[in-house]
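First the structure, in the form of C-alpha cells, and then the observations on it.
Please read all numbers here as calculations on a predicted model, not as lab measurements.
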Amino acid sequence: MPEIVFVYVTHPDAAAPAALGRALVEERLVACANILPGMRTVYRWQDRIEDGYEVVMIVKTTAALVPALQQRIRAEHPYECPCIAALPVTGGNPDYLAWIA
C-alpha cells in the first residue's frame with residue numbers, strides 16, 4: 001500500500017480552503033479535505049508578533065502526490081509563505097487507509 005499522509009494547511013479565511021478542498025478532491029490529488037474554522041494563531045512574522053484567527057485544512061493523500069499537491073496549493077494560496085506540512089500516518093484502520101490510497 002502507498003504511504004499515506006495527512007497534509008496540514010492554514011488559510012486566513014474559510015472561503016478559499018472550501019473551494020480549494022473541493023478542487024483537490026475533484027482533481028484526485030486528495031481523497032478528503034477537512035476544513036476546521038476558528039483556530040487562534042500567535043506567531044512571529046517579519047519581526048512582529050501576530051495574533052489572529054486562521055482556518056485549518058487537513059487533506060488526506062499519498063506521499064507520492066505531495067509534490068503536485070504542494071504546487072497546486074501554493075499556486076492559489078494568499079500567503080507569501082503558506083504552511084503546508086505533510087505528516088506521515090503510521091497506523092490506523094486498514095480499510096480507511098486503503099480508501100485514501
Got a sec, which pairs hit salt bridge (Lys or Arg N to Asp or Glu O under 4.0 Å) with one end in residues 11-23, sequence neighbours left out?
-> R22-E26

Measure the OH-CG distance between Y43 and D51 for me, rounded to the nearest 0.5 Å.
->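 Answer for the OH-CG pair, Y43 versus D51, is 9.5 Å.
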
Taking atom SG of C83 and atom NE2 of H11, what is their separation to the nearest 0.5 Å?
-> 10.0 Å

Taking only residues two or more places apart in sequence or in another chain, which ones pass ring pair (Phe, Tyr, Trp, His ring centres under 6.0 Å) with Y79?
->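 Y79: ring pair (Phe, Tyr, Trp, His ring centres under 6.0 Å) contacts with H77.
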
For residues [X] and [Y], report the shortest heavy-atom separation together with the two atoms involved.
X: W45; Y: C81; result: CH2-CB, 3.7 Å
X: V55; Y: P17; result: CG1-CG, 3.9 Å
X: A18; Y: I35; result: CA-CD1, 3.4 Å
X: A64; Y: P67; result: O-CD, 3.6 Å

So which residues get pulled into I49's cluster when ILVMFWY side chains under 4.5 Å apart are joined, directly or through others?
-> V42

Decide yes or no on side chain to side chain contact (heavy atoms under 4.5 Å, CB included) for V7 and M57, but give the supporting numbers first.
-> CA-CA 8 Å; V7 180; M57 180 171 70; over 6 Å; no

Is it possible for you to say whether [X] and [Y] belong to one hydrophobic cluster, with membership spreading through side-chain heavy-atom contacts below 4.5 Å?
X: F6; Y: V9; answer: no
X: L69; Y: V56; answer: no
X: V25; Y: I4; answer: no
X: V89; Y: L87; answer: yes
X: V66; Y: V30; answer: yes

Kindly state each residue pair satisfying side chain to side chain donor-acceptor pair (under 3.5 Å) with at least one member in residues 55-70, sequence neighbours excluded.
->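 For residues 55-70, and leaving out neighbouring residues, the side chain to side chain donor-acceptor pair (under 3.5 Å) pairs sorted by first residue read N34-K60.
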
Could you pull out every donor-acceptor pair under 3.5 Å between side chains of residues 90-101 and any protein atom, sequence neighbours left out?
residue: N93; atom: OD1; partner: D95; partner atom: N; Å: 2.9

What residues form a salt bridge (Lys or Arg N to Asp or Glu O under 4.0 Å) with E76, not counting sequence neighbours?
->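 For E76 the salt bridge (Lys or Arg N to Asp or Glu O under 4.0 Å) partners, ignoring immediate neighbours, are R72.
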
